[in-house]
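What follows is one structure encoded as C-alpha cells, with my remarks underneath.
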2 protein chains.
Amino acid sequence: MKSETRKDEIINTAAKLFKDKGYSAVTMRDLATAMGIKAASLYNHINSKQDILKEIIIDIAEAFTNGMSIIIASEVSNISKLKQVVALHVNITASNTNGMASLNNDWMHLEDQLDYYLKLRNEYENNFLKIIEEGISTAEIKQTNAEVIMFSMLSTLRSLYLWIPKKEDLNADDLANNLSEVLIEGINV
Amino acid sequence: MKSETRKDEIINTAAKLFKDKGYSAVTMRDLATAMGIKAASLYNHINSKQDILKEIIIDIAEAFTNGMSIIIASEVSNISKLKQVVALHVNITASNTNGMASLNNDWMHLEDQLDYYLKLRNEYENNFLKIIEEGISTAEIKQTNAEVIMFSMLSTLRSLYLWIPKKEDLNADDLANNLSEVLIEGINV
DNA sequence: GTCTATAACACGATAGAC
DNA sequence: GTCTATCGTGTTATAGAC
C-alpha cells in the first residue's frame, strides 16, 4: 500500500467536506482549517479548487466505466450481469464513500471535464439499459418498462454512499446479495 | 386557482435555479436576472436568500408529514400502505419537481429551520419503517432486512424529481402503479 | 511546506430616489 | 415595485519571506 501524499490527503479531506455541504459551500479556508494549515498553503499541492473536484469525480467515473465494460463482456445471464452491477456499485462506494457524494451531487460544477463526465455517464446508462432490455427479450425479466427498472435500480445504487457508512458492521458481499434480492426478486411473498 | 404573487414567482424561479446548481451556487444576482429585475428589487418581496430556501423546503416536508399520517391511520394491508406511500411521493413530486431537488439536496443549508426539518424527516422514516416491519410480521412481506427495503424504496422515491420531468407524457397514476409493481413485486419472472 | 499580506473580484443585503 | 449606488464581508488565488 503506497503511502498517502500530501495532495491525496487534501483531496480526501475535501471529499469529506464536500459530502457534508457540497462543493460550492466549502471554502478553501474550510479545507485548510480541516487540514490544520492556512489556505494559501494548499496551493503548493493543488492548482485550484476546481482541480480537486475533477480529481475526485473523474477517477470514480472511470472506475464505473471500466467495471461496466468487464460486465458486459462476460458470458453470463442478464440477471447475473445485473447482480454484478449491484456488486460494482457496492464495492466502489464502500471504497470511496465521500467521493461518491461529489460524483452524485457536484458533477454539474465540473468545468473543463463536464463534457467528458457526461459522456461516461451516458455510456454507462446505455449499457445498463441494454442489459435490462436483453433480459426482457430473453424472458429472464418481466415484461415491464425497462427504463422504470433502470431508474429504480440506479436510484438505489446511487444513494448507497448515504447508507453504507451507517452500516459499518455489514460485509460488502452480504450487502450486495441482500440488495440484489430486494431489487430483483421484490419484497412480497 | 389563486393567482401567483410576485413572491411566489421568485420562490418558484429560485427553486428552478437551485435544482440545476444547488442553493449555494445560485446568487441573488442570478435569481434577479432570471426574474428580469435587479438583485436589490428582490428584497421588496423576500427577506433573505435563506428565507427562500425555507419556504421551498418546509412546505414540502409538511406535505409529506400530512400525507404519511393519513396513510398510517388507514385500515388497509401494509402492502396497500406502501403503495399509498409510492403514490404520495409521485403526486408531491409531480406537483413540485423543482422544490423536491432543494428538499433532497439543500436541506443542510437550512439555518433556523434545520432542526424542525430533521424532526419531520425522522418521524417520516420511522413511520415508513414501521409499515415495512408490520408487513413482515404479518407475512405480507418477505423475511428480509426491513431497513434495506426502506432504503431501496426511499432512494427511488427521492430520485423521482430527476425522472418525472423527462416523462411528461406519463400519467401520475400509471407511474405510481408501475413503480409499485417494480418495487414490491420485483423484476424477475 | 507553510507562512503573512494582499490583489481582484463576487457575495448578500441596505439606503434612498423615483 | 424597481432602480442606482454602495457597504461590509467573504472568496479564490498569487507573491514573496522563511
Side-chain angles (χ1 to χ4, degrees), chain A residues 2-58 101-102 105-114, chain B residues 2-58 98-99 101-102 105-114:
Chain A
K2 199 183 159 205
S3 71
E4 206 180 37
T5 67
R6 204 83 177 102
K7 180 174 175 177
D8 291 336
E9 279 186 72
I10 292 173
I11 290 172
N12 291 335
T13 304
K16 203 178 305 174
L17 299 181
F18 292 168
K19 181 187 178 187
D20 289 334
K21 305 207 302 174
Y23 174 75
S24 303
V26 174
T27 70
M28 296 302 274
R29 288 191 239 278
D30 292 336
L31 176 53
T33 301
M35 291 284 300
I37 57 178
K38 296 290 174 182
S41 306
L42 294 169
Y43 291 88
N44 201 51
H45 307 282
I46 52 97
N47 295 318
S48 64
K49 187 184 178 187
Q50 174 65 204
D51 255 25
I52 297 175
L53 185 67
K54 182 197 74 188
E55 297 234 19
I56 293 172
I57 293 181
I58 298 299
S102 299
N105 304 324
D106 286 317
W107 58 266
M108 72 287 281
H109 298 120
L110 284 173
E111 292 165 12
D112 292 351
Q113 315 283 330
L114 179 57
Chain B
K2 196 180 161 212
S3 71
E4 205 179 39
T5 67
R6 203 85 176 100
K7 181 174 175 175
D8 291 336
E9 279 185 72
I10 291 173
I11 289 171
N12 291 333
T13 304
K16 202 179 304 174
L17 298 182
F18 291 169
K19 182 188 178 186
D20 289 336
K21 305 206 301 172
Y23 173 76
S24 303
V26 174
T27 71
M28 296 302 276
R29 288 168 174 83
D30 291 337
L31 177 53
T33 302
M35 291 285 298
I37 59 179
K38 295 291 174 182
S41 307
L42 293 169
Y43 291 88
N44 201 53
H45 308 282
I46 52 98
N47 295 319
S48 65
K49 187 185 179 188
Q50 173 67 203
D51 256 23
I52 299 175
L53 185 67
K54 182 196 71 187
E55 297 234 18
I56 293 172
I57 292 181
I58 299 298
N98 297 324
S102 298
N105 304 324
D106 285 318
W107 58 266
M108 71 287 283
H109 298 120
L110 285 171
E111 292 165 12
D112 292 351
Q113 315 283 330
L114 178 58

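Letters A, B, ... mirror the listed sequences (proteins, then strands); counts begin at 1.
- Within residues 44-54 of chain B, the residues having any heavy atom closer than 4.0 Å to DNA chain D are, in order of number, Asn44(B), His45(B).
- Between Leu17(B) and Ala34(B), the shortest heavy-atom distance links the atoms CD1-CB, 4.1 Å.
- Note: CE (Met28(B)) to P (dT14(C)) measures 10 Å, nearest angstrom.
- For Ser48(B), the side-chain contact (heavy atoms from CB on, under 4.5 Å) criterion is met by Gln50(B), Asp51(B), not counting sequence neighbours.
- For the pair Ile10(A) CD1 and dA13(D) C1', the interatomic distance rounds to 14 Å; values are reported in whole Å.
- Partners of Lys38(A) according to the side-chain contact (heavy atoms from CB on, under 4.5 Å) rule, which considers only residues two or more places apart in sequence or in another chain, are Ser41(A).
- The side chain of Arg6(B) approaches dT2(D) more closely than any other nucleotide in the set dT12(D), dT2(D), dT2(C).
- Contact between Ile56(B) and Ser102(B) at its shortest, heavy atoms only, is CG2-CB, 3.8 Å.
- The side chain of Tyr43(B) places no N or O atom within less than 4.0 Å of a non-bridging phosphate oxygen (OP1 or OP2) of dT14(C).
- Taking every heavy atom of both residues into account, Phe18(A) and Ile52(A) meet most closely at CE1-CG2, 4.1 Å.
- In the model, Thr5(B) has a side-chain atom that pairs as donor or acceptor with a side-chain atom of Asp8(B) under 3.5 Å.
- Rounding to whole angstrom units, CG of residue Leu42(B) and P of dT2(D) are separated by 9 Å.
- Under the side-chain contact (heavy atoms from CB on, under 4.5 Å) criterion, His109(B) pairs with Lys21(A), Ala25(A), Tyr23(B), Ser24(B), Leu53(B), Asp106(B), sequence neighbours left out.
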Quick tally for nucleotides 3-9 of chain C: nucleotides whose base has a protein heavy atom under 4.0 Å get B, sugar-phosphate-only ones S, the rest -, giving BBB----
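- Legend: residues meeting side-chain hydrogen bond (donor to acceptor under 3.5 Å, both in side chains) with Asp20(B), ordered by chain and number and at least two apart, are absent.
- The nearest whole Å value for the distance from the CG atom in Asp30(A) to the C1' atom in dA13(D) is 16 Å.
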